[in-house]
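These notes concern the structure reproduced below.
This structure is a prediction, so every number in the text was calculated from the model and none was measured. First the proteins, then the strands, lettered A, B, ... as listed; each starts at 1.
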Amino acid sequence: MPELPEVETVKEVLKTKILNKKIVDVKIFYEKTIEYPKVDEFKSKIINQQIVNIHRRGKWLMFELNDYYLLSHLRMEGKYNIKKTTEALDKHEHVVFVFDDKEELRYRDTRKFGKMNLVIKKEIYDFPVLKKLGLEPDDDNLTVDYLKSKYKKKNLPIKSVLLDQQIIVGIGNIYADEILFLSKINPLKQAKKLTKQQLQLIIDNTRGVLKRAIKAGGTTIRSYTSSEGVHGRFQQELLVHGKENEPCPQCNTPIIKIKVGGRGTYYCKNCQKM
DNA sequence: AGTGCGACCCGAACGC
DNA sequence: TGCGTTCGGGTCGCAC
């Protein structure tokens with residue numbers, strides 16, 4: 001599923017392919033993908049805009065247009081592909097941006113969970129979904145003191161808190177398990193009970209894991225197969241996620257799977273003791 | 001304010 | 001084989 005490294009990879013690939021292209025039409029086959037503004041307004045505003053640049057904030061892909069940002073969240077299965085206008089439409093292609101050169105950017109999403117928003121440039125950082133986001137993993141302000149202040153009232157298990165995008169952005173279910181394994185922290189440990197050393201490990205391993213995953217082009221796992229030119233190789237480097245009953249790479253104890261906050265969670269009960 | 005949980009979706013995996 | 005059921009995953013909104 002697209003977490004920060006997947007979105008970063010999609011952004012970089014799309015930048016090599018669609019920069020400066022002009023949108024001459026938009027076809028919307030599943031209207032609920034468009035969250036804001038209303039579909040008609042979305043269409044009329046985006047037509048004749050060019051793709052000036054592409055950015056990322058957390059798991060949001062940000063297409064910079066002349067006057068707007070198109071914010072796109074892939075959720076679990078959203079993908080982008082570039083195709084010729086003559087190619088047949090796939091049943092999971094819900095939004096199609098037609099360019100002036102007979103090519104199209106197609107948004108494909110089997111589960112239909114992904115969302116798009118079109119926001120005037122100067123209002124972008126006041127837009128609710130971006131405004132409430134926490135720090136990027138590589139932000140210098142991400143320190144032990146920052147985490148301590150954010151975690152001090154959190155009775156929830158650290159696994160759940162790592163997924164909270166209002167504290168650190170970009171971590172999803174897969175990388176949360178990897179980060180905790182590398183930090184030798186039990187996923188059920190209450191966030192507010194972590195020591196300063198453990199918080200430092202979380203910071204270091206968050207940066208390390210995400211950086212390595214970006215280098216590998218993200219993780220292609222289960223249903224998340226590929227976007228345009230994106231075939232993540234990081235799954236080959238996963239240590240515990242999805243490895244139920246397989247030996248721990250550190251101590252050979254079988255990896256166990258539990259539910260934490262409703263999410264499948266993999267860990268080594270020997271290496272990650274309470 | 002913090003927490004828990006259903007809703008949103010549908011293909012894949014599982015159980016019989 | 002076929003059919004029904006369960007699962008998963010990010011985020012929001014609502015109840016407590």
Side-chain angles (χ1 to χ4, degrees), chain A residues 1-8 10 28-36 56-62 71-80 90-95 107-117 119 127-134 136-137 147-180 187-194 206 210 213 218-227 232 234-235 238 240-245 256-267:
Chain A
M1 338 27 248
E3 301 183 28
L4 186 151
E6 290 74 32
V7 180
E8 181 68 22
V10 171
I28 297 164
F29 302 101
Y30 183 72
E31 301 206 338
K32 287 163 92 174
T33 301
I34 311 303
E35 194 165 51
Y36 177 89
R56 179 193 58 73
R57 173 78 173 98
K59 300 175 190 172
W60 285 93
L61 206 49
M62 301 171 67
L71 302 182
S72 170
H73 199 300
L74 307 174
R75 294 288 182 96
M76 264 77 75
E77 310 210 352
K79 299 169 181 66
Y80 280 101
D90 179 281
K91 75 166 184 174
H92 298 299
E93 288 172 341
H94 306 308
V95 182
Y107 177 71
R108 185 179 192 277
D109 187 349
T110 35
R111 288 260 177 80
K112 300 180 171 173
F113 271 16
K115 298 289 176 209
M116 294 183 194
N117 295 270
V119 185
F127 197 69
V129 295
L130 293 193
K131 195 169 186 176
K132 62 187 177 189
L133 292 180
E136 290 286 331
L147 285 188
K148 210 143 192 62
S149 71
K150 292 289 184 183
Y151 287 2
K152 68 176 180 232
K153 287 178 185 163
K154 294 284 187 190
N155 297 310
L156 291 171
I158 180 61
K159 164 72 188 263
S160 302
V161 174
L162 279 181
L163 300 175
D164 185 343
Q165 303 298 303
Q166 299 190 42
I167 302 175
I168 305 174
V169 297
I171 302 170
N173 202 38
I174 299 170
Y175 298 123
D177 286 354
E178 299 296 302
I179 291 162
L180 291 175
L188 292 168
K189 184 100 180 173
Q190 279 186 310
K192 68 177 178 187
K193 291 188 176 163
L194 294 171
T206 296
L210 295 181
T219 301
T220 302
I221 188 174
R222 281 179 71 94
S223 53
Y224 195 76
T225 50
S226 68
S227 249
F234 194 70
Q235 76 275 18
L238 293 179
V240 289
H241 189 89
K243 308 278 188 187
E244 188 178 16
N245 296 327
I256 55 175
K257 182 186 184 187
I258 60 170
K259 288 261 186 193
V260 180
R263 296 281 170 263
T265 298
Y266 300 83
Y267 74 108

Rounded to the nearest Å, what distance is computed from the [atom1] atom of residue [X] to the [atom2] atom of nucleotide [N]?
X: A/D164; N: B/dG2; atom1: CG; atom2: C1'; answer: 11 Å
X: A/N173; N: C/dG9; atom1: CG; atom2: P; answer: 5 Å
X: A/K79; N: C/dG10; atom1: NZ; atom2: C1'; answer: 14 Å
X: A/R263; N: B/dG4; atom1: CZ; atom2: C1'; answer: 12 Å
X: A/E77; N: C/dG9; atom1: CD; atom2: P; answer: 10 Å
X: A/K115; N: C/dT11; atom1: NZ; atom2: P; answer: 13 Å
X: A/L74; N: C/dG10; atom1: CG; atom2: P; answer: 12 Å
X: A/L133; N: C/dC12; atom1: CG; atom2: P; answer: 9 Å

Handout entry: Any pair counted as salt bridge (Lys or Arg N to Asp or Glu O under 4.0 Å), so long as it reaches residues 167-176 of chain A, sequence neighbours left out
Key =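 As it turns out, there is no salt bridge (Lys or Arg N to Asp or Glu O under 4.0 Å) pair with a partner in residues 167-176 of chain A once direct neighbours are skipped.
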Are [X] and [N] close enough that a side-chain N or O sits under 4.0 Å from OP1 or OP2?
X: A/K32; N: B/dC9; answer: yes
X: A/H92; N: B/dC9; answer: no
X: A/Q165; N: C/dT11; answer: yes
X: A/N155; N: B/dG2; answer: no
X: A/K132; N: C/dC12; answer: yes
X: A/H73; N: C/dG10; answer: no
X: A/K154; N: B/dG2; answer: no

Problem - Note: A/E136-A/R57 ion pair, threshold 4.0 Å (strictly below) - result: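 Yes, charged N to carboxylate O under 4.0 Å.
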Exercise for the section: Both distances under 3.5 Å, Watson-Crick or G-U wobble: report the partner of B/dA7, or none. Expected result: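 The answer is C/dT11, by the H-bond criterion.
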Exercise for the section: Begin from the C-alpha positions of A/T110 and A/M76 and carry the test side-chain contact (heavy atoms from CB on, under 4.5 Å) through to its verdict. Expected result: CA-CA 9 Å; A/T110 35; A/M76 264 77 75; over 6 Å; no
Practice task
For A/P157 and for A/K112, find the nucleotide of DNA chain B with the closest heavy atom, then tell me which residue's nucleotide is more 5'.
Solution key: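 Taking each residue's closest nucleotide, the earlier one in sequence belongs to A/P157.
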Considering every strand and a 4.0 Å limit on heavy-atom distances, what is the contact class for [X]: base, sugar-phosphate, or nothing?
X: A/K59; value: sugar-phosphate
X: A/K257; value: sugar-phosphate
X: A/D109; value: nothing
X: A/K192; value: nothing

Handout entry: Shortest non-hydrogen separation from A/T206 to A/P137 and the atoms involved
Key =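 Result for this residue pair: CG2-CB, 4.1 Å.
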Problem - Heavy-atom donor-acceptor pair, A/E244 side chain to A/Y266 backbone, under 3.5 Å - result: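 Judged by distance alone, no pair lies under 3.5 Å.
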Exercise for the section: Might you work through the ring pair (Phe, Tyr, Trp, His ring centres under 6.0 Å) test for A/H94 and A/Y107, ending with a clear yes or no? Expected result: CA-CA 6 Å; A/H94 306 308; A/Y107 177 71; 7.1 Å; no
